[in-house]
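Notes follow the structure.
Letters A, B, ... are given to chains in the order of the sequence lines, protein chains preceding strands, and every chain is numbered from 1. Because the structure is predicted, anything quoted here is derived from the model rather than measured.
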There are 4 protein chains.
Amino acid sequence: MSDRPVQPRPGRKRSEESRLAILTAAFELIAEVGYAGLTIEGIAARSGTGKQTIYRWWPSKADVLMDAMATKAELYVPIPDTGSYAADLRAFLEASFTLARRPAVADGLRALMAEAQIDAAFGERFRASFLRPRRDALGIVLERARSRGELPPGLSPGAIADIVFGTIWYRLLATRRLPDDRLVEELVTALTEPGLEEPS
Amino acid sequence: MSDRPVQPRPGRKRSEESRLAILTAAFELIAEVGYAGLTIEGIAARSGTGKQTIYRWWPSKADVLMDAMATKAELYVPIPDTGSYAADLRAFLEASFTLARRPAVADGLRALMAEAQIDAAFGERFRASFLRPRRDALGIVLERARSRGELPPGLSPGAIADIVFGTIWYRLLATRRLPDDRLVEELVTALTEPGLEEPS
Amino acid sequence: MSDRPVQPRPGRKRSEESRLAILTAAFELIAEVGYAGLTIEGIAARSGTGKQTIYRWWPSKADVLMDAMATKAELYVPIPDTGSYAADLRAFLEASFTLARRPAVADGLRALMAEAQIDAAFGERFRASFLRPRRDALGIVLERARSRGELPPGLSPGAIADIVFGTIWYRLLATRRLPDDRLVEELVTALTEPGLEEPS
Amino acid sequence: MSDRPVQPRPGRKRSEESRLAILTAAFELIAEVGYAGLTIEGIAARSGTGKQTIYRWWPSKADVLMDAMATKAELYVPIPDTGSYAADLRAFLEASFTLARRPAVADGLRALMAEAQIDAAFGERFRASFLRPRRDALGIVLERARSRGELPPGLSPGAIADIVFGTIWYRLLATRRLPDDRLVEELVTALTEPGLEEPS
DNA sequence: CAGTAACCGAGACGGTACGTCAAGTCTTAAT
DNA sequence: ATTAAGACTTGACGTACCGTCTCGGTTACTG
C-alpha cells in the first residue's frame, strides 16, 4: 500500500514557513480590513512573501481565505451518535451554531459564500471541498435516523439538509442575526415527528 | 401633506431616457458577462451615457442592478389569502419558486446577495428595500394563520420565515439546484402541524 | 488656410500641467538614477501623476525621454551660412560638440540610441523625429557647398554626413571621450579639399 | 612564472558541454526573439541548464552574448600589411564591412553596444575586451603609415580611428544601411592625402 | 577508498516593474 | 442643472524575470 512513492521531485521544496505566513496574514487581514479590502498584494506584504509565491499555490484570494479558514479556524463539527435522531440533530445544530457565532468564522463564511456566487470556478471548489463534507456529515446522522424509522413522513434527508443549512446560512447572510439556541429548538420541532421527540 | 409641489428646480431635468437605458444595459450585461464582468464603465458604454450620470443617481453598481431587477424583472409575489394556512403557504412558496427558477432572476439575486456580504452599506439597502418587503409579505400570511391558531406549536413566525427564505436562498446560493415542487411539499410538511393539514 | 479647425472634441482636455510634470520628472530621473533605473512607475511617482496618464500619451519610457530631451534640453543647432563650406562645417561641428558636451544631454542621447537598438519600433520614431532633422540640417549646408563646387572630389554629401555624425556618436557611445575642439579641426581637415580651405 | 599551475582544485570540473549549450542557445535566441526578448531564463531553458550555472560563469546576459559572439561568430579581422597605407586601410575597411554585413553579427553588435550604454560595468568590459583589440589592430596599421610618413597632415591616428569606427558603427546603429564598397572608397578618400594615393 | 569540495539540473523564493483594468473624480462644451 | 465625453489619480491585478537560495545528485581531487 501507501502509494505516492514520495516522488522526490528535483528543485527546492515548498516553504512551509511561507505557506503558514500567508494563511496567517489572510486570516488576520480579513478581520482587520474585511473581504473587500483583502488583496493579494496586502497578503504578500503582510506575510513578507512575494506575490508569485501566492499565485503559485492558490488560484485566487478566495482560495487563500478558504485554506486559511480550514487551517487557522477550528471548523470541525463532530458527527453525533446518541441513538436518537432528535438528540443527534440537536447536537449537530448546537455545534454548528457555536461555530457560526464566532465573528471571525461568520465573516469568513460570508465572504466565501459571496465569492462563490461571483467566481463560478471558485464556487465549484467551495462546494466540493467546504460545503459537501459538512453536508455529508449531516447525511450520516440522517441515514442512521432513517434506518431506525425516525424521520418524519414526507421529509426526505435531502430536504432536511436543505432546511438545516439553509436556515443557518440565511441567518448569516440575510438577517445577520447569528443563530441562537431558540432556533435550535424550533428547527428540531420542525424536523422531527411531533409526539415522538419527547417520549416523557 | 402637500406632495412635492413639483419643485421646479432650475436646470435640465433628469433624463428618463438615460435612466432606462442604464437599467436595461445593466440587466442585459449581467446575463452576458456575469456579475464579475459587470462594470460601471461597461454599463455607461452600453447605454450610451456618461459614467457621471450613473454615479449621480446610484451609489454603486449593485444598486443599479438592484434597481434594474426591480424595474425589468417582474418580482411581485402576491400575498395569498385562501383562509387556510397550509394553502397560503403553498401558494406563497409556489409563486416564489416560480420566480427563482427564471435564470436571469436567479443570477441577479445571487449577485445581489453576494455584494451585500462584501459591501456593508449596500447590504443595509438590500435588506431594507429588497429582502424586508418580501419577508413582510410572508409575515402577513403567518399573522393571519397565527390568529386562527393554525401555526404549529413551538414554531414562531420568525423561525418559519427563516426556514422558508433560508431554504430558497440555500438552493440558489449553495446547491445551485433550483427549487422545485417537491421542495414545496416538504416545506409545507415541515411547517404545518401534522394531521391538521390534510383533514382527509 | 489654418487647417485643423480646432476640432472641439468633447470631454476634458489634456492636462498641460501633467504633461510638463512628467517630462520634468523624466529629465531629472535620468540624471539621478540613469536609464537602467528609469521606470514608468518612477516617473509617475515623481511627477505626481498616474501611470495611465503616461501610457495614454507615450508608447514607452524611451518616448517620454525623447520628448523630455526635446522639451527640456535646448537641442537646437543653427544652420550656419557664412558663404564658405569649411567655415559652415566648422560652425556646425562646434555647435554640435557644445551640445554633446553637456552631461545631461550626452547621457540622454546615449540612452535613446541604446533603446533604439533594442526596441525596433522606437528606433523608427527616433530616427524619424530625432536623427533625421539634424541630418537634414547638415544636408542643407552640404548642398550649398556642392552648388558652389566646394565639396572635395570623391566625397558624396551622404558620406560626409555619415562621417560627421558617426564620429560624434562614436565618441559618445564607444570611447566616452566627449568630442573636443581638436576633433573639429581634424574632421574639417578630412572633409575639405586641401589647399582650398585657407586661401590666404 | 608558469601561469595558472593548472591549480588542481578538488570538485567537479566546469562542464564544457553546458558552456557550449549556453552560448549556442544565446546565439540562436538573439536571432529568434531579439535582444529585448533574450532572458537568462530563456537561455537556461533552451540550453537545458540551470540558471545558477549561467550566473556562476557570466555576470549578465550581455556577457553571455558577447562570449557567444566571440565563440560562435568568426569576428577575426586580419591586420593587413601591404606596404601602402591606402591599401592597408582599404583592406581593413573591406574586411570589417564584410563582417558587419552578416545579419547575425550586425544584430549582435547593436545589442552589445546598446547594453554598454545602459549597464556601465558591462560597458567597461565591452570596451576592454571587444572594442579595444579591434582599435588596436587599426592602430598598428596607422603606426606603420605614420612611420613611413603617409598619414595626411592634420590627422592624428586617434582621429582616423574615431572616423573609421565611428562611420561603421553609425551605419549600423543609426541609419541601418549596412556599409558598402562605395563607403570604403569615400573613407579612403577622406583619410588619405590627396594626390598621394594613386601615383598614376 | 572514504571524504569533501565544486559543480550540475531543477525549481521555489522575495522582489521589482510591467502594462492593463476599473474605480471614482474632474473638466469641458452642449442642451 | 444635467448630459455625453473623456482625461485625471489611484490602486490592484496577474505576469515576467531578476538574482538568490535550497534540493538531490554527480564528479573529481585528497588525505
Side-chain angles (χ1 to χ4, degrees), chain A residues 8-19 21 37-42 44-45 47-57 59-61, chain B residues 8-15 17-18 21 37-45 47-57 59-61, chain C residues 8-19 37-42 44-45 47-57 59-61, chain D residues 6-15 17-19 21 37-45 47-57 59-61:
Chain A
R9 286 193 303 147
R12 187 174 175 174
K13 288 206 180 77
R14 175 172 185 181
S15 163
E16 180 66 9
E17 195 177 4
S18 291
R19 188 185 141 266
L38 185 69
T39 65
I40 296 276
E41 298 209 329
S47 64
T49 64
K51 282 202 290 179
Q52 200 59 260
T53 301
I54 301 178
Y55 283 110
R56 184 159 22 236
W57 300 109
S60 78
K61 69 172 178 173
Chain B
R9 287 186 298 158
R12 187 172 172 174
K13 282 209 190 86
R14 174 172 186 182
S15 162
E17 194 179 6
S18 291
L38 186 69
T39 63
I40 295 277
E41 299 209 326
I43 296 171
S47 64
T49 64
K51 285 202 292 179
Q52 197 60 260
T53 302
I54 300 179
Y55 282 111
R56 200 185 333 268
W57 301 109
S60 79
K61 69 173 178 173
Chain C
R9 285 194 303 148
R12 186 174 176 174
K13 288 209 178 75
R14 176 172 184 181
S15 162
E16 180 66 9
E17 194 178 6
S18 291
R19 188 185 142 266
L38 185 69
T39 64
I40 296 276
E41 299 209 328
S47 64
T49 64
K51 283 202 289 179
Q52 200 59 261
T53 300
I54 300 178
Y55 283 110
R56 195 176 353 255
W57 301 109
S60 78
K61 67 172 178 171
Chain D
V6 196
Q7 53 182 22
R9 287 186 301 157
R12 186 172 176 174
K13 284 209 188 85
R14 175 173 184 180
S15 163
E17 194 178 7
S18 291
R19 188 185 142 267
L38 186 69
T39 65
I40 296 277
E41 299 210 326
I43 296 171
S47 63
T49 64
K51 284 202 293 177
Q52 197 61 261
T53 302
I54 301 178
Y55 283 110
R56 195 174 350 255
W57 300 109
S60 79
K61 68 172 179 173

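- Checked against salt bridge (charged side-chain N to carboxylate O under 4.0 Å, His left out), D/Glu17 has no partners two or more places apart in sequence or in another chain.
- For D/Ile43 and E/dG9, the CD1 to P distance is 14 Å, given to the nearest whole Å.
- The OG1 atom of D/Thr49 lies 9.5 Å from the CD1 atom of D/Ile40; values are rounded to the nearest 0.5 Å.
- Contact between A/Ala44 and A/Gly50 at its shortest, heavy atoms only, is CB-C, 4.1 Å.
- The residue among C/Arg14 and A/Gly37 whose nearest nucleotide of DNA chain F lies closer to the 5′ end is C/Arg14.
- Comparing A/Trp57 and D/Thr53 by the nucleotide of DNA chain E whose heavy atom lies nearest to each, the residue mapping closer to the 5' end is D/Thr53.
- Geometrically, C/Arg19 does not engage C/Trp57 in a cation-pi contact defined by less than 6.0 Å to the ring centre and at most 45° from the axis.
- If you measure from atom CD of C/Glu16 to atom P of F/dA7, you get 15 Å, rounded to the nearest angstrom.
- Rounding to the nearest 0.5 Å places CD1 of B/Ile54 at 10.0 Å from CD of B/Gln52.
- Distance, B/Ile54 CD1 to F/dA5 P: 12 Å, rounded to whole Å.
- Between E/dG14 and A/Ser18, a contact under 4.0 Å exists linking OP1 or OP2 to a side-chain N or O.
- Where B/Gly50 and A/Thr39 meet DNA chain F, the nucleotide closest to each residue was compared, and B/Gly50 sits on the side nearer the 5' end.
- The nearest whole Å value for the distance from the CZ atom in D/Arg19 to the P atom in E/dA6 is 22 Å.
- Partners of A/Arg12 under the side chain to side chain contact (heavy atoms under 4.5 Å, CB included) rule, at least two apart in sequence or in another chain, do not exist in this structure.
- As judged by a 4.0 angstrom heavy-atom cut-off over every strand, B/Gly42 is placed among residues making no nucleic acid contact.
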Worksheet entry | Base-contact (B) and sugar-phosphate-only (S) positions in nucleotides 19-24 of chain F, heavy-atom cut-off under 4.0 Å, - elsewhere | BBBBBS

